[in-house]
> 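What follows is a structure written as structure tokens; I'll ask about it next.
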2 protein chains.
Amino acid sequence: MPPSNTNLLQGTLDVLILKVLALQPMHGLGISNRIAQVTSNTFLVKPGSLFPALHRMEEAGWLTSSWGESENNRRAKFYRLTAVGRRQLKQETDLWARISAAMARALKAT
Amino acid sequence: MPPSNTNLLQGTLDVLILKVLALQPMHGLGISNRIAQVTSNTFLVKPGSLFPALHRMEEAGWLTSSWGESENNRRAKFYRLTAVGRRQLKQETDLWARISAAMARALKAT
DNA sequence: TATGATAGGTCGAAGGTCAAGGTATGCAAT
DNA sequence: ATTGCATACCTTGACCTTCGACCTATCATA
């Protein structure tokens, strides 16, 4: 699968991060790798996108972070979802469903 | 339907415009209205988004424009798809399908 | 000790979106 | 006639996101 480098669609990044963290707390590069994995390399999140997003979401109260140890014995900052973040995930998931349905309708028409 | 006013997702605007024009040539406000219609007000394209996009797409060779008369006897600039634009529509439709599938997979997981 | 992989991060450029405006024309009502 | 409204085109400036390119530090290993 040639990595599709198109600009990551605005808004998809947040919901992808939230979803990954809903399964388990992870550190930054772990999140990035997991997103590539679950989307078959359709979404490749670069550091320049990832870290500003994480900081923004933490400031919004969707995440909290704490230092810990990675699987490879390295200092790593683990992010975990808050209750607010879980609500946000629900909202964004619903919004995505709506957008997806609208696009399917729009692109199907003869 | 409360108009969902999230930032228009980057990339969706182009494919929506291309698709609308694939059915028939239209002028700017007509395109905007048609998009609102076929997406049940999920996407509301503002002039500040629409016109820069049209100009950008025309410059890219996906569209051509010519002055004519609107349904209401007003001077209107009609945009129509070029062959290149039709190819682009195909590409972006495929890309959207891929993105949509990837998101569905990512958001479904337990 | 040097290298590579892992981990976190920043910075500036580039580009898209939006809200708010501006211009002009046709039409209808006063 | 002139006022007002809807249609039609478009621009501007602020804001935000994304990206590519970079930097630092630590651990394991050769």
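Throughout, a chain's letter reflects where its sequence line sits, starting with A, and its residues are numbered from 1. Keep in mind that what you see is a predicted model, and the values were worked out from it rather than measured.
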> Name the residue closer to the 5' end of DNA chain D, choosing between B:His27 and A:Leu13 according to the nucleotide with the nearest heavy atom.
B:His27
> From the set C:dA7, C:dT17, D:dT18, return the single nucleotide nearest to any side-chain atom of B:Ser49.
C:dT17
> Judged by atom type as modelled, is there a donor-acceptor pair below 3.5 Å linking the side chain of A:Ser40 to the main-chain atoms of A:Thr42?
no
> Which of residues 70-78 of chain A have a heavy atom under 4.0 Å from DNA chain D?
A:Asn73, A:Arg74
> Over how many whole Å does the gap from A:Leu63 atom CG to C:dG8 atom C1' extend?
16 Å
> Tell me the interatomic distance from B:His55, atom NE2, to D:dC9, atom P, rounded to whole angstroms.
9 Å
> Want to settle it: does B:Pro47 or B:Arg56 sit nearer the 5' end of DNA chain C, counting the closest nucleotide to each?
B:Arg56
> Roughly how many Å is it from CD1 in B:Ile31 to P in D:dA8, rounded to a whole number?
12 Å
> D:dA14 C1' sits how many Å from B:Lys46 NZ, rounded?
16 Å
> For residues A:Thr12 and A:Trp96, determine if any side-chain heavy atom of one lies less than 4.5 Å from a side-chain heavy atom of the other.
yes
> Rounding to a whole Å, what distance do you find between A:Met57:CE and D:dC16:P?
17 Å
> Mind checking if A:Gly28 touches a base, just sugar-phosphate, or nothing, with heavy atoms under 4.0 Å?
sugar-phosphate
> So, the side chain of A:Ser32 versus the backbone of A:Val45: is there a donor-acceptor pair under 3.5 Å, distance only?
yes
> Just do the side chain to side chain contact (heavy atoms under 4.5 Å, CB included) check on B:Asp14 and B:Trp62 with the steps written out, would you?
CA-CA 10 Å; B:Asp14 287 11; B:Trp62 305 347; 3.8 Å; yes
> Membership question, hydrophobic clusters at under 4.5 Å side-chain separation (ILVMFWY): are A:Ile17 and A:Phe78 in the same one?
no
> What is the distance from CZ of A:Phe51 to P of D:dT24, rounded to the nearest Å?
17 Å
> Using atom CG of B:Leu16 as one end and atom P of C:dT17 as the other, report the distance to the nearest whole Å.
11 Å
> Whether B:Asp94 and B:Arg98 form a salt bridge (side-chain N of Lys/Arg under 4.0 Å from carboxylate O of Asp/Glu) is what I want to check.
no
> Considering only residues two or more places apart or on different chains, which pairs with a residue in residues 75-89 of chain B satisfy side chain to side chain donor-acceptor pair (under 3.5 Å)?
B:Gln88-B:Glu92
> In whole Å, I'd like the distance from the CG atom of A:Leu29 to the C1' atom of D:dA25.
13 Å
